[in-house]
Amino acid sequence: MSDKPPVVRIAPSPTGDPHVGTAYIALFNYAFAKQRGGTFILRIEDTDQVRSTRQSEDAILDALRWLGIQWDQGPDTGGPAGPYRQSERLPIYREHVQTLLDTDKAYWCTCTAERLDGVRKEQMARKENSGYDGHCRFRDQATVKAEMAAGTPGVVRLRVPRGSGDPKAGADASSDAVVVVINDLLRKPVEINTREVDDQVLLKSDGFPTYHLANVVDDHLMGVTHVLRGEEWISSTPKHVLLYQSFGWQHPEFAHLPLLRNQDKSKVSKRKNPVSLNWFREAGYLPDAMVNFLGMMAFTFEDGREIFSLDDFVQHFTLDRISLGGPVFDLKKLLWLNGRYLREKRSDHELVQHLKAQLFTDDYLLQVVKVCKERFEKSEDFLAYAPWFFTGSVDAPATELLIKGKTRKESMALWEVLVDKVDNAFDWRFDAVDALLKSWCEDSGMTPKEAFMPLRWIVTGKKATPPLPESLTVLGRERVRTRIRAGLESLKKLPDPPAETATPPSKPEPKTSATPQT
RNA sequence: GUUCCCAUCGUCUAGAGGCCCAGGACAUUGCCCUUUCACGGCAAUGACGGGGGUUCGAAUCCCCCUGGGAACGCCA
């Protein structure tokens, strides 16, 4: 390894809540750079026009700042290699695509999504690795461009060098197999025949680059020396290496870090785990405990210490001590750590500040008071009436979580639908929440009267509360989401034939649609 | 299905041929401290997936199997 200061980056795409996985990868990159006096870049990969939002971007930056992971260059701070938002670099990508086109390293393609689907299915049926079949690769480019001039949307694809044994090689096969070697800093060299590599789309028909193109161009232009990213990228690394080669550039070093996992070992996901940094923050986890915990995923200190600060981590981090088995994101241990930080790293005074900032801000109290003031007569009643505004979880009898007229399974499906809606609801102001609840009822053919009582139970654990839209708005999205999930879990454990009033029991009935009657 | 990656207690992991009949931490259980609950202390339970090699000697190296994961998009 060279001893020049490294340049690394974290490149989140702003398409949702700030994710623990992002923080984990960011932390390792940060430590890698800082330790050797290098540069840590934050680049926003917002080339998905449909899903990217500025709100998400802001939330991601904010969450990383909360953890104390500070970048040297980024969309907010600027820097010599900017702009740091890919949507603002479009001319750069077009220019580079043109270079590839000019040198015949890439080609235009007008294949439709339908055709591509068909090809993919056939390949799957033939038990092949699916990928573009190279249809347009062998067509006359002038013809393809004429189609586009006539209005057919087109994309640019990479002309992956192909060996003679490759069914996708056609006319331009070279005589020998073409093999790409990936030298991952954490693994043995991996050799991949380009037969396994797709003629990847580089420029989408909306004129935006794909991840692959933008990523390679930016990493090169920004002088990135080391790419530390999630293991999920390992199989597209050959594409990237090929792209660097097509441009005549030297590629950076790669190190693919093991993925955070759910209890069942699958890649960590919001379905099975809290993954939003906002959730942890709102639930009262301390940023330094969070960093400590993330730092012990896949990494250990040589001296075996388990309690360490961000600075400690920066000082002692080394790729040599990364273990490759995917670490399960174990909330129990995080909780223990947080407890230790709370009682060992905070003074009583700081704890008071923490609680105030966490649970009792003037702003929050004001909102709570607004929705409950008609409902209590002296201050002591208040906590008895509305404790659920301040607790993490609530305890509702599982039987109350069955929706009127629905079986246990149907109820669970309806809660799932709600969770999905909440997951996607980035706007959590009153009107949005109100609309969300209405659409939940309407989509599922329920009246608010049927739906709201169980909803009240699942979210508040009480049968008497202020109006729900107001309450949920104040309570906040993370808490609402968590409680519905928790309710779902307790429904899962409910014995199947409980006193169900609606459907006569016997068989689980043959898959009726979840949206019955009118 | 195809390609690739990975494989030590339930979980995070130590271990880079003898120091290991495998060490630490979380969780679990028990005991102690204590008016209670926590905290804290002590202790216990608990793992090298299987089979072949290599070697005087393997958790450590090699091969096969098995298991797990990821990727296969005009998403990143």
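Proteins come first, then strands; the chains are lettered A, B, ... in the order of their sequence lines, and each starts at number 1.
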With C1' as the reference atom in both, quote the distance from A16(B) to U8(B) in angstrom, rounded to an integer.
-> 14 Å

Could you pick out which residue, T300(A) or R340(A), lies toward the 5' side of RNA chain B when each is mapped onto its nearest nucleotide?
-> T300(A)

Identify whether any heavy atom of R229(A) sits under 4.0 Å from a base atom; if not, whether one sits that close to sugar-phosphate; answer base, sugar-phosphate or nothing.
-> nothing

What distance, rounded to whole Å, do you find between the two C1' atoms, one in G17(B) and one in A22(B)?
-> 15 Å

State yes or no: are the ring centers of F329(A) and F293(A) separated by less than 6.0 Å?
-> yes

Within this structure, what is the CD-to-C1' distance between E306(A) and G23(B), rounded to whole angstrom?
-> 12 Å

Applying a 3.5 Å limit to both distances, which nucleotide forms a Watson-Crick or G-U wobble pair with A47(B)?
-> none

Check: F28(A) ring centroid to Y24(A) ring centroid under 6.0 Å | yes

What is the ring orientation for H240(A) with H212(A), classed by angle as parallel under 30°, tilted 30 to 60°, or perpendicular over 60°?
-> tilted

Does a side chain donor of either Y84(A) or Q73(A) reach within less than 3.5 Å of an acceptor in the other side chain?
-> yes

Does G10(B) have a Watson-Crick or wobble partner in any strand here, with both distances under 3.5 angstrom, and which is it?
-> C26(B)

Measure the acute angle between the ring planes of H220(A) and W249(A), then classify it against the limits of 30° and 60° as parallel, tilted or perpendicular.
-> parallel

If we call it a pair only when both distances are under 3.5 Å in a Watson-Crick or G-U wobble match, what pairs with C4(B)?
-> G69(B)

Could you give the distance separating A25(B) and C61(B) at their C1' atoms, to the nearest angstrom?
-> 30 Å

Ignoring hydrogens and angles, answer whether the base of A27(B) and the side-chain atoms of K333(A) contain a donor-acceptor pair closer than 3.5 Å.
-> no

U28(B) and G69(B): how far apart are their C1' atoms, nearest whole angstrom?
-> 28 Å

What protein N or O atoms touch nucleotides 71-76 of chain B N or O atoms at under 3.5 angstrom, if any, and at what distances?
residue	atom	partner	partner atom	Å
A71(B)	OP1	K267(A)	NZ	3.0
A71(B)	O4'	S235(A)	OG	3.2
A71(B)	O2'	S235(A)	OG	2.8
C72(B)	O2'	S130(A)	O	2.7
C72(B)	O2'	S130(A)	OG	3.0
C72(B)	O2	N129(A)	OD1	3.3
G73(B)	OP2	R120(A)	NE	2.9
G73(B)	OP2	S130(A)	OG	3.4
C74(B)	O2	S205(A)	N	2.7
C74(B)	O2	S205(A)	OG	2.7
C74(B)	N3	S205(A)	OG	3.2
C74(B)	N4	C111(A)	O	3.4
C75(B)	OP2	K204(A)	NZ	2.8
C75(B)	O2'	D48(A)	OD2	3.0
C75(B)	O2'	R51(A)	NH2	3.4
C75(B)	O2	R51(A)	NH2	3.3
A76(B)	OP1	T47(A)	OG1	2.8
A76(B)	OP1	K204(A)	NZ	2.6
A76(B)	OP2	Y211(A)	N	3.1
A76(B)	O3'	E45(A)	OE1	3.0
A76(B)	O2'	S13(A)	OG	3.1

Searching all strands shown, indicate the nucleotide that pairs with A38(B) (Watson-Crick or G-U wobble; both distances under 3.5 Å).
-> none

When you compare C4(B) with U45(B), how far apart are their C1' atoms, in angstrom units rounded to a whole number?
-> 39 Å

Between A76(B) and A14(B), how far apart are the C1' atoms? Round to whole Å, please.
-> 35 Å

Could you tell me whether the phosphate oxygens of C6(B), OP1 or OP2, come under 4.0 Å of any side-chain nitrogen or oxygen in R261(A)?
-> no

From U3(B), C12(B), C26(B), pick the nucleotide closest to the side chain of V328(A)?
-> C12(B)

Proximity to the side chain of I192(A) - top-ranked nucleotide from U13(B), C4(B), C6(B) = C4(B)

Pairing partner (Watson-Crick or G-U wobble, both distances under 3.5 angstrom) of A16(B) | none

Span that lies between the P atom of A47(B) and that of G23(B), in whole angstrom | 11 Å

Are a donor atom and an acceptor atom from the side chains of T99(A) and D102(A) found within less than 3.5 Å of each other?
-> no

Distance, C1' atom - from U3(B) to G46(B), rounded to whole angstrom = 37 Å

Pairing nucleotide - U55(B), Watson-Crick or G-U, each distance under 3.5 Å = none

Look at the side chain of E196(A) and decide which nucleotide, out of U2(B), G40(B), C12(B), has an atom nearest to it.
-> U2(B)

Could I get the full list of side-chain contact (heavy atoms from CB on, under 4.5 Å) partners for D264(A), not counting sequence neighbours?
-> N262(A), S266(A), K272(A)

May I ask you to say what G325(A) touches in the nucleic acid, namely base, sugar-phosphate or nothing, with a heavy-atom cut-off under 4.0 Å?
-> sugar-phosphate

Checking R157(A), R162(A), R159(A) against D199(A) for side-chain hydrogen bond (donor to acceptor under 3.5 Å, both in side chains), the one that qualifies is R162(A)

Go through the steps for D72(A) and K34(A) under the test salt bridge (charged side-chain N to carboxylate O under 4.0 Å, His left out), then give the verdict.
-> CA-CA 10 Å; D72(A) 303 300; K34(A) 290 294 116 185; 3.0 Å; yes

Nearest-nucleotide pick for S323(A), side chain only, options being A14(B), G24(B), C6(B) | A14(B)

